[in-house]
Peer 1: 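I have a structure I would like to understand better, so I am pasting it below and will then ask my questions one at a time.
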Protein chains: 2
Amino acid sequence: MPATIDPTAADGSDQASSTADRLLAGAADLFRRKGYAATTTRELSALLGIQNASLYYHMEKKEDLLYKLCVSTLDDVANELRACIAETSDPLEQLKLIMFRYTTVALRDRDRHATMLIEIRALSDERRNKIVELRDKNVAVVRRTIAAAQKAGQLRTDIKPKYLVLTMFNLLNWSIFWYRPDGELTPETIAGMMSSVFLDGAAAEAKSSGKKSIASKTVRP
Amino acid sequence: MPATIDPTAADGSDQASSTADRLLAGAADLFRRKGYAATTTRELSALLGIQNASLYYHMEKKEDLLYKLCVSTLDDVANELRACIAETSDPLEQLKLIMFRYTTVALRDRDRHATMLIEIRALSDERRNKIVELRDKNVAVVRRTIAAAQKAGQLRTDIKPKYLVLTMFNLLNWSIFWYRPDGELTPETIAGMMSSVFLDGAAAEAKSSGKKSIASKTVRP
DNA sequence: GTCTATATCGCGATAGAC
DNA sequence: GTCTATCGCGATATAGAC
């Protein structure tokens with residue numbers, strides 16, 4: 001682990017990222033590892049290799065960093081969802097895309113996603129409400145896709161979309177907290193596994209069942 | 001919400017719980033709602049209706065509370081798992097019991113379980129290692145049950161037990177963070193839903209499949 | 001845009017009476 | 001076992017030079 005955040009852009013280009021960008025990336029890193037409240041602005045400035053006071057040129061207060069991280073993360077998810085739905089008109093295919101891309105994106109960017117998921121409580125009432133609203137909008141998009149897939153006879157209908165969407169996010173979100181980039185599971189493998197279990201379940205195939213071949217064909221787009 | 005913790009025992013008896021017990025319950029409550037680092041000992045003493053200094057008769061430091069909470073929670077889980085496995089010799093039935101009881105117990109006691117799950121990082125290295133060890137032991141028990149169910153032809157074998165157990169806990173654990181006791185879903189309903197999706201999946205039944213009737217019979221023991 | 005220096009506050013924890 | 005009183009530190013944030 002480097003003592004300071006590498007100023008080189010993550011996309012491999014040699015263009016150095018701005019201090020503002022490095023600040024957000026460093027904050028996400030520390031907030032995920034130590035938690036928002038336990039992370040000090042001193043640690044953050046040390047990670048960036050600047051003085052503590054210099055942080056306050058880029059922000060008004062520590063909470064601003066958390067808020068910005070949450071907003072940008074949820075915006076990214078919203079865009080990802082839009083792209084998935086635009087890609088095909090088949091609801092089940094949309095849902096498979098959503099599960100795959102949401103998982104891989106969230107695992108690749110786990111600092112921001114993990115922080116957004118559990119540090120919402122640290123925000124002021126007003127800001128927290130805004131974030132919850134953004135999050136709920138994203139969930140609603142997936143819920144509607146699930147409802148459409150039910151109507152098309154592609155998903156079981158004994159569980160309401162409202163609850164099926166919770167089940168799906170259970171499966172995807174907790175991965176963000178145990179995933180390790182240096183572990184043996186890649187984001188793609190995890191995404192495929194969760195999608196497969198969500199659609200087909202973990203029980204052994206009944207002899208004459210054609211279910212698995214129907215549901216699992218394109219879990220990995 | 002009461003301003004102070006009710007000194008009456010939770011089991012309905014009129015026996016007042018000890019200050020030590022109320023301290024742990026209050027700590028779990030605040031730690032889940034605000035996070036460990038963001039919870040002050042002053043808030044805690046106010047919740048109990050005693051002076052801040054009085055806390056230190058019952059503990060050496062704040063971290064002791066977190067550690068005790070984690071240990072007791074994981075011990076409870078270990079006992080629950082043992083009971084589930086003792087109840088039947090059929091691996092799939094054991095697994096269904098485990099999913100049902102783990103979920104209902106964790107949701108009923110979400111203060112302690114949620115705290116244990118995400119505040120482990122706040123512990124000292126030594127204590128954190130101990131907690132992780134306890135947690136891993138519990139996971140290993142479930143992993144072995146899953147392996148046995150695979151051997152018995154009851155669970156799909158294309159995913160290793162090591163990973164199937166992660167999938168199962170994904171499904172169960174994230175519920176702890178969105179469950180609300182005053183919501184419309186009961187712990188039992190959530191447990192049943194998660195068990196059903198874990199075993200059978202969310203995809204619509206293929207016409208001739210007998211899978212669901214095999215796997216779902218006793219999801220709610 | 002970053003620096004040195006510092007204000008101000010609230011935190012965890014302790015001392016010692018009762 | 002709980003109290004009053006307080007210590008000492010480290011936290012966020014600010015002032016003003018460069």
Side-chain angles (χ1 to χ4, degrees), chain A residues 3-9 15-31 33-69 115 119 121-125 127, chain B residues 3-9 15-31 33-69 115 119 121-128:
Chain A
T4 59
I5 291 274
D6 185 347
T8 306
Q15 189 199 341
S17 47
S18 69
T19 303
D21 290 344
R22 293 171 61 230
L23 178 53
L24 283 173
D29 177 28
L30 291 173
F31 292 171
R33 282 175 16 220
K34 315 197 46 171
Y36 170 76
T39 297
T40 69
T41 57
R42 284 163 162 85
E43 287 172 305
L44 194 46
S45 58
L47 186 66
L48 299 187
I50 60 177
Q51 290 301 310
N52 180 262
S54 307
L55 293 177
Y56 291 85
Y57 175 81
H58 301 281
M59 66 185 195
E60 279 198 347
K61 46 187 183 147
K62 181 181 156 189
E63 191 211 8
D64 297 350
L65 296 174
L66 179 58
Y67 182 64
K68 275 195 186 177
L69 285 175
T115 298
E119 299 290 2
R121 63 185 172 193
L123 292 168
S124 69
D125 284 359
R127 285 180 155 183
Chain B
T4 59
I5 291 274
D6 184 349
T8 307
Q15 189 200 338
S17 47
S18 70
T19 302
D21 290 344
R22 294 170 61 231
L23 178 55
L24 282 174
D29 177 28
L30 291 174
F31 292 172
R33 282 175 17 220
K34 316 197 45 173
Y36 170 76
T39 298
T40 68
T41 57
R42 283 163 164 87
E43 288 172 304
L44 194 47
S45 58
L47 186 67
L48 298 186
I50 60 175
Q51 290 302 310
N52 180 263
S54 306
L55 293 176
Y56 292 86
Y57 174 80
H58 301 281
M59 65 186 197
E60 280 198 346
K61 44 187 183 146
K62 182 181 154 190
E63 191 211 7
D64 297 351
L65 297 174
L66 179 58
Y67 182 65
K68 273 194 186 176
L69 285 175
T115 298
E119 299 290 0
R121 63 185 173 193
L123 292 168
S124 69
D125 284 359
E126 196 187 357
R127 283 180 157 185
R128 188 175 50 250

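Below, chains carry the letters A, B, ... as their sequence lines are ordered, and counting in each starts from 1.
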Peer 1: Calculate the interatomic distance between B/Arg22 atom CZ and D/dT2 atom C1'; express it in whole Å.
Peer 2: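 Taking atom C1' of D/dT2 as the reference, CZ of B/Arg22 is at 13 Å.
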Peer 1: Side chains of A/Asn52 and A/Thr40: closer than 4.5 Å at any heavy-atom pair?
Peer 2: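 No, their side chains stay 4.5 Å or more apart.
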Peer 1: The side chain of A/Thr19 lies closest to which of these nucleotides: D/dT2, C/dG12, C/dT2?
Peer 2: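 Out of D/dT2, C/dG12, C/dT2, the nucleotide with an atom closest to A/Thr19's side chain is C/dT2.
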Peer 1: Using a cut-off of 4.0 Å on non-hydrogen atoms, how would the nucleic acid contact of B/Ser45 be classed: base, sugar-phosphate, or nothing?
Peer 2: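 No contact at all - B/Ser45 keeps every heavy atom at 4.0 Å or more from the nucleic acid.
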Peer 1: To the nearest Å, how far apart are A/Leu44 CG and D/dA13 P?
Peer 2: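 Going from CG in A/Leu44 over to P in D/dA13 covers 12 Å.
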Peer 1: Starting at CD of A/Glu43 and ending at P of D/dA11, how long is that distance when rounded to a whole Å?
Peer 2: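 Whole-Å distance recorded here is 7 Å.
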Peer 1: Rounded to whole angstroms, how far apart are CG on A/Leu48 and C1' on C/dG1?
Peer 2: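 Checked: the CG to C1' distance equals 13 Å.
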Peer 1: Heavy atoms, side chains only, cut-off 4.5 Å: are A/Leu123 and A/Tyr67 in contact?
Peer 2: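 With C-beta onward as the side chain, the pair touches.
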Peer 1: Starting at atom CD1 of B/Ile50, determine the distance to atom C1' of D/dA5, rounded to an integer number of angstrom.
Peer 2: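 Going from CD1 in B/Ile50 over to C1' in D/dA5 covers 17 Å.
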Peer 1: Among residues 51-60 of chain B, which contact DNA chain D at a heavy-atom distance under 4.0 Å?
Peer 2: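 Within this stretch, B/Gln51, B/Ala53, B/Ser54, B/Tyr57, B/His58 sit under 4.0 Å of the strand.
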Peer 1: Is it the case that the base of C/dG10 and the side chain of B/Arg42 share a donor-acceptor contact (distance under 3.5 Å, atom types as modelled)?
Peer 2: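 Looking at the base of C/dG10, it does not pair with any donor or acceptor on the side chain of B/Arg42 (distance under 3.5 Å).
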Peer 1: Mind listing the closest non-hydrogen atom pair of B/Ala27 and B/Leu65 along with its distance?
Peer 2: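 For B/Ala27 versus B/Leu65, the nearest heavy atoms are CB-CD1, 4.1 Å.
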Peer 1: Is the shortest distance from a Lys or Arg side-chain nitrogen in B/Asp64 or B/Arg127 to a carboxylate oxygen in the other one below 4.0 Å?
Peer 2: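 B/Arg127 and B/Asp64: salt-bridged.
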Peer 1: Does OP1 or OP2 of C/dG12 have a side-chain N or O of B/Lys61 closer than 4.0 Å?
Peer 2: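 Checking C/dG12 against B/Lys61, no side-chain N or O comes under 4.0 Å of OP1 or OP2.
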Peer 1: Please confirm whether the backbone N or O of A/Leu66 pairs with a side-chain atom of A/Glu119, one donor and one acceptor, at under 3.5 Å?
Peer 2: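 Between the backbone of A/Leu66 and the side chain of A/Glu119 there is no qualifying donor-acceptor contact (under 3.5 Å).
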Peer 1: Quick one: A/Lys62 NZ to D/dG10 P, roughly how many Å, whole number?
Peer 2: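 Checked: the NZ to P distance equals 16 Å.
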Peer 1: Would you say A/Glu43 and A/Lys34 make side-chain contact, with heavy atoms under 4.5 Å?
Peer 2: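 Counting from C-beta outward, A/Glu43 and A/Lys34 do come under 4.5 Å.
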